[in-house]
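Read the structure below first, then the notes.
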Amino acid sequence: MRFPHLALAVVMVPVMAALVVAGGRALKGSESTVTVDQIDPGADTISQAGTDAGSDEPATSAIPAPAAAQPKTVVHSRAIDPDVVAPPELPTGELERVEPREPLSKLALAMPPKPKMPDDWNGTKLFQPVATAAGLIEAKGYSVAVSGIDVVPQGETCTTDGKSWPCGIRARTAFRAFLRGRAVVCTVPPEGGRDRIAAECRIGKQDVGQWLVDNGWARAAKGGPYVEAGEKAQSAKKGIFGSAPNLAGISAVPAAPAPAPQAPGSILEEVDGTLKPADQPAPAE
C-alpha cells in the first residue's frame, strides 16, 4: 500500500516544479507588457516623426524648454529696518475710539467674597489679657493695638516741672490693673493671622480706648473718636500729662532678714542662701 503512494509523490514533484516555472514566466511576461504600455506614446510619435523627416536634430529638440521662473515680489506689511524696531505707522484719520464692550457675564464684576461672620458675632473674647504697654493687649495668641489712640511705649519718659519720670511704665501698670481678671472683647476675626491688629476693644460696656484717653494713659489719635476726651485729660493734667507720682507715702522696700545664727556643731551651713553640709571636725583621739 505504501509503494504506490511513494511512486505517485515522486512523479508529482517534477510536475509541480514545471508549473511553478511556467507561472513565473507568465508573470514576467505580463510585467514586460505593462512596462511597454507605460511608455509615453507621445515620445514614440515624436521619435517616429523625427526619423521619417530625416532631420539631423535629436528627437528631444521638439520638446519646448520650460519657461524661466519669474521672481516673486514679497510685499511686507511694514517697512523693516534691522536697526530700528518700532510698530508700523498708522494713519490717525482711520482710527476711531469706541466704548468698551459689555462684560460677558456678571461674574466678571463680582467682588471677592468677604468672610462670613455669625449673625450674633460682635467680637472675639480674649481671656486673661496681658498689657505689654498702655494700649497693647496680648491674649489667646493675638496681639491687639487698641484703635483710636497712640500707644504709650513702655520706655517713654515724661518731664514735668523739670523732673523726669517713667510715665510709660506707670501707664502700663495702670492699664494692667484695669485689665486684671477681666475678659476683653475685641473686633478681631475668630481665626486668622497672628500679626498685630488694630481693633476696638471693650470690657463689658466700657470702651477700652475711651478709658485710656479719659484717664490720660494714652494720647488720642489725630482725627480719631477720642480727640475731645484727650484735650480734656491734657487740660486736667491726668496720667502722663500730670506730674510725677508722689512716692513719699510708700514705705521703702524692707531689707532682707539676716540669716539665722547657726548652732554650734550644726551639720548644715548656709552658702549663697543654700544649706549645705558643713565640714565636721575630725573626732578626738
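Everything numeric here is computed off the predicted structure, so don't read it as measured data. The analysis underlying the following values was restricted to heavy atoms, covering all of them including side chains, and did not include hydrogens, waters or symmetry mates.
Atom CD of residue E156 and atom CZ of residue R170 lie 14.5 Å apart, to the nearest 0.5 angstrom. Atom CZ in R172 sits 6.0 Å away from atom CD1 in I169 (nearest 0.5 Å). For the atom pair OG of S243 and CG of D161, the computed distance is 7.0 Å after rounding to the nearest 0.5 Å. Atom NZ in K232 sits 14.5 Å away from atom CZ in F241 (nearest 0.5 Å). To the nearest 0.5 Å, the span separating OG1 on T124 from NZ on K140 amounts to 6.5 Å.
Atom CD of E200 sits in a sparse spot, with 12 or fewer heavy atoms from other residues, nucleotides or ligands closer than 6.0 Å. Annotation for R176: atom CZ counts as buried by contact number, over 12 foreign heavy atoms lying within 6.0 Å. Open room surrounds CD on Q128; 12 or fewer heavy atoms of other groups in view lie less than 6.0 Å from it.
T187 places none of its side-chain heavy atoms less than 4.5 Å from the side chain of I197. Contact check for I203 versus F178: side-chain heavy atoms found under the 4.5 Å cut-off. Counting only heavy atoms from C-beta outward, the side chains of Y226 and Q210 approach each other to under 4.5 Å.
Pairing each heavy atom of A233 with each of D214, the nearest pair is CB-O, 3.8 Å.
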- Message: As a quick check of understanding, evaluate side chain to side chain contact (heavy atoms under 4.5 Å, CB included) for F175 and L136, giving each step before the final call.
- Response: CA-CA 9 Å; F175 190 39; L136 293 182; over 6 Å; no

- Task: Kindly determine whether W217 and I240 satisfy side chain to side chain contact (heavy atoms under 4.5 Å, CB included), including the steps that lead there.
- Result: CA-CA 6 Å; W217 298 124; I240 61 175; 4.2 Å; yes

